[in-house]
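Worksheet: one structure, shown below.
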2 protein chains.
Amino acid sequence: MQIETVTEKQRVNAARKLKKMFGGIDYTNMPHCPIRDVMAFVSDKWSTLIILHLGYFPVLRFNELKKKVFGVSNKVLSERLKQLEGDGYVQRTVYPEVPIRVEYNLTDFGHSYLQKLIELTEWAENHKNYVINNRENFKK
Amino acid sequence: MQIETVTEKQRVNAARKLKKMFGGIDYTNMPHCPIRDVMAFVSDKWSTLIILHLGYFPVLRFNELKKKVFGVSNKVLSERLKQLEGDGYVQRTVYPEVPIRVEYNLTDFGHSYLQKLIELTEWAENHKNYVINNRENFKK
DNA sequence: CTGTATCCTCTCAGATACTG
DNA sequence: CAGTATCTGAGAGGATACAG
């Protein structure tokens with residue numbers, strides 16, 4: 001697979017942004033690092049899967065999500081949905097019928113995040129084989 | 001904080017990409033989902049921190065990394081570096097001096113990934129306060 | 001200096017049963 | 001249907017000591 005070259009201009013730009021990110025960090029006294037908070041929140045497998053699925057299926061109910069997001073347990077799905085709702089990514093709508101019906105969909109903010117997530121997923125898809133290849137050769 | 005609006009065009013585009021991603025998925029028989037593999041590999045806290053640091057400091061030795069990537073243990077740092085090397089993100093160079101010197105730096109592929117990571121981190125930085133705000137209000 | 005080996009803790013998540 | 005409650009196990013990761 002061909003790896004697209006990162007141009008000099010891109011690298012300079014990256015360096016500038018990194019400097020902005022790292023600039024204020026004091027390694028000797030760092031109760032919590034902003035970058036770290038941010039990465040922790042991005043890096044939850046189930047949350048990202050939930051958001052991607054709600055991107056593809058605009059509205060889903062609890063048990064529909066449970067089927068789509070294969071392998072997730074009641075507990076974790078419930079926890080993550082509450083968290084995603086609390087953070088503003090997901091809207092939860094209750095229809096007080098019998099039996100009760102609850103629908104989930106992305107908010108505008110959720111869609112904004114979805115864009116980033118798709119970009120990342122695309123990148124990963126495109127380079128998956130390259131990584132797998134490397135990994136195989138490295139073992140030898 | 002102002003959330004930038006996701007345009008209709010962007011949403012349509014996202015839907016198209018999601019369709020491509022989700023299109024081939026059979027929920028009834030899915031030993032492993034490609035999206036999932038991909039997300040798992042993206043979503044390791046220590047790996048992302050290592051890559052971001054190697055983006056900012058072009059070359060780092062083992063113990064330097066250990067100081068910068070605050071809180072990481074020998075074991076985990078060593079594991080992740082081996083993995084990142086094996087996958088092709090990081091180059092490891094040994095100088096057989098006494099005492100031995102080992103240097104780590106990003107490969108071109110690593111820089112390509114770094115670009116994506118920075119974009120994501122920037123997004124997260126920009127929306128951090130919005131999320132924290134939501135979270136506070138949700139508790140009430 | 002750059003790791004590896006070992007042990008040990010402790011969280012997270014899966015399974016199951018149950019409730020409004 | 002949409003979750004909550006409880007229990008349990010696996011496994012990730014921290015601390016420490018040690019090796020090349």
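Note that the coordinates shown come from a computational prediction; the quantities given were computed from them, not determined experimentally. Residue numbers begin at 1 in each chain, while the letters A, B, ... track the order of the sequences.
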When rounded to whole Å, the CD to C1' distance for the pair B/E64 and C/dT2 reads 12 Å
Using the ring of each side chain (for Trp, its six-membered ring), is A/F22 parallel, tilted or perpendicular to B/F57, with breaks at 30° and 60°?
perpendicular
Think B/R92 has a side-chain N or O under 4.0 angstrom from the OP1 or OP2 of C/dG3?
yes
Which whole-number value in Å describes the distance from B/Y104 OH to C/dC1 P?
14 Å
Which distance, rounded to the nearest 0.5 Å, do you find between the CD of B/Q91 and the CG of B/D108?
9.5 Å
Could you list where the contact with chain A starts and ends along DNA chain D, reading 5' to 3', using a 4.0 Å heavy-atom cut-off?
D/dC1 to D/dT6
B/L81 CG to C/dT2 C1', straight-line distance once rounded to whole Å:
11 Å
Whole-Å gap separating P (C/dA13) and CG (A/L49):
13 Å
Rounded to the nearest 0.5 Å, the CD1 atom of A/I118 sits from the CZ atom of B/R16 at a distance of 10.0 Å
Rounded to whole angstrom units, what separation is found between the CD atom of A/E79 and the P atom of C/dC12?
9 Å
Report yes if some heavy atom in the side chain of B/V102 is under 4.5 Å from a heavy atom in the side chain of B/R61; otherwise report no.
no
Applying salt bridge (charged side-chain N to carboxylate O under 4.0 Å, His left out) to B/E8 and not counting sequence neighbours gives none
Distance test, side-chain N/O of B/S78 to OP1/OP2 of C/dT4, below 4.0 Å:
yes
Show which side-chain atoms of residues 75-85 of chain B pair as donor or acceptor with protein atoms under 3.5 Å away, not counting sequence neighbours.
{"from": "B/R80", "atom 1": "NE", "to": "B/D44", "atom 2": "OD1", "distance (Å)": "3.4"}
{"from": "B/R80", "atom 1": "NE", "to": "B/D44", "atom 2": "OD2", "distance (Å)": "2.8"}
{"from": "B/R80", "atom 1": "NH2", "to": "B/D44", "atom 2": "OD1", "distance (Å)": "3.1"}

Please report the distance, rounded to the nearest Å, between CD1 in B/I50 and P in C/dG3.
12 Å
Terminal axes of the helix from C/dC1-D/dG20 to C/dG20-D/dC1 (5 end pairs apiece), angle rounded to 10 degrees, sit apart by 50°
Please report the distance, rounded to the nearest Å, between CD in B/E97 and C1' in C/dT2.
13 Å
Identify the pairs formed between an N or O of the protein and an N or O of nucleotides 16-20 of chain C at a distance under 3.5 Å, and give each distance.
none

For the pair A/W123 and A/Y130, evaluate ring-ring contact (aromatic ring centres under 6.0 Å, His included) and give the outcome as yes or no after the intermediate values.
CA-CA 11 Å; A/W123 184 93; A/Y130 177 79; 9.1 Å; no
A/D87 vs B/F138, side chain to side chain contact (heavy atoms under 4.5 Å, CB included): CA-CA, chis, key distance, verdict
CA-CA 8 Å; A/D87 288 1; B/F138 191 67; over 6 Å; no
Residue set satisfying salt bridge (charged side-chain N to carboxylate O under 4.0 Å, His left out) with B/R101, at least two apart, ordered chain then number -> B/E97, B/E103
Report the distance from atom NZ of B/K45 to atom P of C/dT11, rounded to the nearest whole Å.
14 Å
Shared hydrophobic cluster, A/L65 / A/I100 (ILVMFWY, side-chain heavy atoms < 4.5 Å)
yes
Between B/E119 and B/K116, does at least one N-O distance fall below 4.0 Å, as a salt bridge requires?
yes
Has B/R61 got a side-chain N or O lying under 4.0 Å from the OP1 or OP2 atom of C/dT2?
yes
